[in-house]
Amino acid sequence: MAIVSQNLKKNDNDLDVDAFRSAMLDWYKSNARELPWRVHFGERPDPYHEWLSEIMLQQTVVKAAIGYFNKFINLWPTIHDLADAHPDDITKEWAGLGYYARARNLHKCAQIISREYNGVFPNNEKDLMLLPGIGPYTSAAIRSIAFQKPSVVMDGNIERIMCRVFAHKLPLKDSKRQLYEFASYLSQDRTDYPGEYAQSLMDLGASVCISSTPKCMRCPIQQFCQAYKSGIQNDIPVKKNRVPKPERFGVLYFIENDKGQILFERRSDKGLLANMVGVPGTNWTDDAEESLTETFIPDFDISHTFTHFRLKLKGVRLLEKKQNDTNKKLFWYDPNEYVKLGLPTVFLKAVKQYLKVVKTR
DNA sequence: AAGGCGGGGAT
DNA sequence: ATCCCAGCCTT
């Protein structure tokens with residue numbers, strides 16, 4: 001807190017917190033995005049809806065989450081329905097959204113809320129943080145949005161806004177605590193519409209105070225923004241240089257039987273794409289030659305980028321099972337029915353390519 | 001404290 | 001092609 005007041009005084013015009021919050025709330029009244037989990041200004045959403053949306057939105061853009069949210073609410077209207085669902089059904093419906101640990105934790109959390117909390121979400125930070133999949137951000141978001149309790153909601157958008165409002169020039173990565181202090185200063189345990197205030201910042205970050213070339217002429221808090229005042233809004237937040245992603249290589253086996261089916265596998269419950277359905281193949285290594293343990297004539301290529309590496313795969317058609325070495329659960333399935341499997345994106349791409357190749361021969 | 005963990009929207 | 005997003009969990 002000492003750092004904050006220093007920083008504010010240094011700029012000779014203390015930020016008027018009341019005016020800042022009023023500007024944000026006024027802007028939000030006429031500029032809020034209409035989203036399926038949102039309610040009217042001043043109303044509180046169903047905590048189940050609010051929680052589900054927050055889990056889906058972790059590291060995910062709003063537009064990508066909307067369809068999934070509607071689908072989940074349709075399939076499982078209450079948290080008890082979700083708690084009683086089969087885990088495989090949940091991962092299948094989650095397929096394509098990524099970060100699949102979220103789906104597992106979603107189910108665990110639903111079961112705890114349903115069975116230990118009788119379906120009622122806790123509204124205090126300590127209990128919320130103990131739930132699987134709920135960390136500092138999601139805890140604060142649920143508290144402020146679903147329960148209108150003052151909380152310091154910090155996400156990537158709000159960090160960026162704090163950076164600019166306070167003209168913070170150090171790299172974002174090293175500034176988490178400082179930026180939290182800025183946001184905390186603006187929150188100050190205010191009880192007036194903490195949920196709407198938090199969402200107003202998120203919407204501002206998504207539409208106006210965007211990462212590159214922010215739209216300051218449309219910004220309701222332009223007058224409070226020290227970066228704008230100094231004309232450095234395009235230069236912050238400062239990002240550290242990113243290391244290029246390494247490449248990995250592998251082979252996928254499309255093993256066919258005489259019924260037009262191919263072999264799929266349920267992946268291990270640990271590591272990348274845990275518990276998801278995929279196509280069997282070699283391990284993915286950083287050595288392109290090593291991945292080709294035998295000489296194949298590949299039928300097609302698949303490339304896919306994950307968080308921390310690029311993957312280049314060769315797809316090859318085989319008429320018999322390669323080996324029985326694996327402890328993974330293998331099963332035959334009609335590749336044309338791939339939609340029902342809930343494949344993660346890399347395998348979705350691969351199967352579509354495979355079908356195209358098969359059709360043209 | 002650092003690294004693992006997906007995918008796609010926006011540019 | 002690159003950036004980065006309504007982060008959390010494990011080690």
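Letters A, B, ... are given to chains in the order of the sequence lines, protein chains preceding strands, and every chain is numbered from 1. Because only heavy atoms are used, hydrogens play no part in the values below, and waters and symmetry mates are left out as well, while side chains stay in.
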Student: Within the distance-only criterion (no hydrogens, no angle test), does the side chain of A:Gln199 pair as donor or acceptor with the backbone N or O of A:Gly195 below 3.5 angstrom?
Tutor: yes

Student: Take atom C1' in C:dC3 and the same atom in B:dG6, then report the distance between them in whole Å.
Tutor: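 C:dC3 and B:dG6 have their C1' atoms separated by 15 Å.
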
Student: Quick one: does any side-chain atom of A:Arg143 pair with a main-chain N or O of A:Pro150 as donor and acceptor, under 3.5 Å?
Tutor: yes

Student: Indicate, with yes or no, if the rings of A:Tyr354 and A:Tyr338 have centres closer together than 6.0 Å.
Tutor: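 Aromatic pair excluded; centres sit 6.0 Å or further apart.
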
Student: Do A:Thr60 side-chain atoms and A:Gln58 backbone N/O form a donor-acceptor pair below 3.5 Å?
Tutor: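 At least one qualifying donor-acceptor pair exists.
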
Student: Assign A:Trp37 to base, sugar-phosphate, or nothing according to its heavy-atom contacts below 4.0 angstrom with the strands shown.
Tutor: base

Student: Give one of base, sugar-phosphate or nothing for A:Gly205, where a contact means two heavy atoms less than 4.0 Å apart.
Tutor: nothing

Student: Name the nucleic acid region contacted by A:Arg160, choosing base, sugar-phosphate or nothing; use a 4.0 angstrom heavy-atom cut-off, strictly under.
Tutor: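 Sugar-phosphate contact only - A:Arg160 comes under 4.0 Å of backbone atoms but never of a base.
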
Student: Can the ring centres of A:His308 and A:Phe306 be said to be less than 6.0 Å apart?
Tutor: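 No; A:Phe306 has its ring centre 6.0 Å or more from that of A:His308.
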
Student: Mind checking which nucleotides bracket the chain A contacts on DNA chain B, 5' to 3', with an atom under 4.0 Å from a heavy atom?
Tutor: B:dG4 to B:dG9

Student: When you compare the protein's N or O atoms with those of nucleotides 8-11 of chain C, which come within less than 3.5 Å of each other, and at what distance?
Tutor:
residue: C:dC8; atom: OP1; partner: A:Gly135; partner atom: N; Å: 2.9
residue: C:dC8; atom: OP1; partner: A:Gly135; partner atom: O; Å: 3.4
residue: C:dC8; atom: OP1; partner: A:Thr138; partner atom: N; Å: 3.0
residue: C:dC8; atom: OP1; partner: A:Thr138; partner atom: OG1; Å: 2.8
residue: C:dC8; atom: OP2; partner: A:Pro136; partner atom: N; Å: 3.4
residue: C:dC8; atom: OP2; partner: A:Tyr137; partner atom: N; Å: 3.3
residue: C:dC9; atom: OP1; partner: A:Gly133; partner atom: N; Å: 2.6

Student: For the rings on A:Phe41 and A:Tyr193, is their centre-to-centre separation under 6.0 Å?
Tutor: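 Under 6.0 Å, so yes.
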
